[in-house]
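Reading through the structure tokens given below for one structure.
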Amino acid sequence: MDSRSRRHTASPTTSRTFGVDDRTASSPDASRQCTLLRDRLGFLNDATMAIGASLDPEKTAWGLADALVPTLADFAVVYLADALRLPHDLDANPPELFSSSRHLWQAAVTHDNHPRWEALTVKDDTWSPEPTHPVYRAMASGDPVTFSVDADIAAVLDSSSRHDLVGCSLLVVPLSVRGRKLGSAVVARHPGSPGFSEVDILTVRQLAAQTSLGVDNGYLYRARSRVGDWLQRSMLPQLPERLSSVDIAYRYVSSSHTAQVGGDWFDAIPLPGNRVALVVGDVMGHGVRSAAVMGQFRTAMQTLAAMDLPPDHVLRHLDDLAHQLGDSYLATCLYAVYDPVIHRCTIASAGHVPPVLLRQDGTTEILRTPTGAPIGLGGVAFESFEFTVADGDVLVLCTDGLVETRTRDVESGLEVLRSHLTDPQRPVEEQCRTLLQALSTPDQEDDVALLVARLRGIPSGDFAQWMLQPRPTTPGLARRLLRTTLAEWGLEEMTDLVELLATEVITNAVRYASRPIDLRLLRTDILLCEVTDDDQHRPVLRQASATDENGRGLQLVSHLSRRWGASAKTTGKVVWFELDLPEGARRGIAD
């Protein structure tokens, strides 16, 4: 017997709890008729509650099968369209059995453990009824099919033990809702039992209608829930564990039981020069609406970060954007930029919880940044705060949902956070997990975003910088400097490629710059080359035709580099490109 079926211990002669024979209902005993009616109504009530107890289509099918056996039948099986358990695109109509395929899935089987029911169970995962099969006929017509099994019908059932079914009473009821055919229910009684009366058929049809509604609602709920979860989760970043200059761990916990994402967000955005922008923000409010606003703010923050503006300027632009979105868009935000070359961080805050720094000696410090007003209030100046960090220091950024509760204010929460930051050598993933466990409460009322970053500076031996005058001879000088540095780093095999791409970028800078050009070469897990000049016009990649004299340099950079870009600066622009290091020469990952 199929392991997916359920067995009842009742014998085939189990009495029905209410009249399965019309003759019983015609008894002159009015009291007995009232009892039978009360039993039937009670059965319908219990069955309906069992069928509607879940939004899972399979559990709904089990509710129907368990309700029918042994009260109305000795055997019951529920078939559902196989498409009901597959992922579904909400842009299309919900699946219908006969619109695409006739595959049925045996969702529930219940019986009294008699061997003859083996002939009515499906052995494979899916099943496709032939046009002569009673299930097909019932679903095609949309009406119940009832009969007493004879030799001809038993042959249609196509089973080696079909002779055991001769004399059984079968009832097939289609499952359909809103004009869509979703499956069918098959119920049967042993030979010698009364056939299915009109009252029985009406009862099964009523329960089948309830099942169809539950199955369809459950399917639509799961489909929409998947889409909702995907949309919400897409608003939060999936950050790598390591960037070139920071190790990252993060957590997000929603306070809502219905929405997986609220108004809190975090991000780690790579910037030119191996710098990294670390962001934590908190939109006022909870739930899906706050999540939608958060998604807009996070996207805007990434766009502003790509412009490589100072932190206070980023918050200023974000505040202006909030006013364009609407008067009710309020958020706190912390924006930090870490420069691994000069080992410094620059932070600006918009009314946000201050970050905490764990230094290499084990001491902790709450960084009291100048606190501006929340984003969206307008008319408030934002200030940047700069401080020096050491290689291996740990920076912790969070939202107030982590440190503030009904019984604990922000300052007390920050002290608890500091008390659990004791070992700077612990992996940041462990640090993140420890802080969340220590500060979380069962009655959490606010979303939580936590970002822990270990700062890894670039050693002076992996960094080279030159200031070059914008002269026609500068590209040649730059090639000699790059060649010498690459030889010192043991990267001679990269010399030709680096010289070619750097020459294209430096030549453009020489053409337009009026002040010295800054050339930088950095070696981490990749090789980064940057050229900074005082011209504000950023180069744009375009398709150069066979007769064009310009535009080919950037095409070379784009095709031959791992990644490249151009960012605006307050005093000009920086154009950069990255190259993969040869195998075995990666310093950032190995160290």
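Everything numeric in this text was worked out from a predicted model, so none of it was measured. Any value given below was found using the heavy atoms of this structure, including those in side chains, with hydrogens, waters and symmetry copies removed.
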| field | Heavy-atom pair with the smallest gap, counting every atom of Pro191 and Cys168 | value | CD-SG, 3.4 Å
| field | Listed partners of Arg454 passing salt bridge (Lys or Arg N to Asp or Glu O under 4.0 Å), at least two apart | value | none
| Heavy-atom neighbours of Tyr221 OH exceed 12 at 6.0 Å | no
| Which residues pass the salt bridge (Lys or Arg N to Asp or Glu O under 4.0 Å) test with Arg137, sequence neighbours left out? | none
Sequence neighbours left out, cut at 3.5 Å: what donor-acceptor pairs do the side chains of residues 292-304 make with other protein atoms?
residue	atom	partner	partner atom	Å
Arg298	NE	Asp267	OD2	3.1
Arg298	NH1	Met235	O	2.9
Thr299	OG1	Gly295	O	2.9
Gln302	NE2	Asp267	OD2	3.0
Thr303	OG1	Thr299	O	3.0

| remark: Sorted by chain and residue number, the salt bridge (Lys or Arg N to Asp or Glu O under 4.0 Å) partners of Asp409 (sequence neighbours excluded) come out as none
| Hey, is CD on Glu415 packed in by over 12 heavy atoms from elsewhere, all under 6.0 Å? | yes
| note | Heavy-atom closest pair (Pro354 atom, Leu414 atom, distance to 0.1 Å) is CG-CD1, 3.8 Å
| said: Could you work out, with ring-ring contact (aromatic ring centres under 6.0 Å, His included) as the rule, every residue matching Tyr335, not counting sequence neighbours? | reply: none
| How are the rings of Phe75 and Trp117 set relative to one another: parallel (under 30°), tilted (30 to 60°) or perpendicular (over 60°)? | parallel
| message | For the backbone of Glu118 and the side chain of Thr121, can you confirm whether one donor and one acceptor N or O come within less than 3.5 Å of each other? | response | yes
| query | Do Trp127 and Tyr79 make the cut of ring centroids closer than 6.0 angstrom? | reply | yes
| request: State which residues pass salt bridge (Lys or Arg N to Asp or Glu O under 4.0 Å) with Arg408; sequence neighbours excluded, sorted by chain then number. | output: none
| task | State plainly whether the residues Asp74 and Arg116 are in salt-bridge range, i.e. N to O under 4.0 Å. | result | no
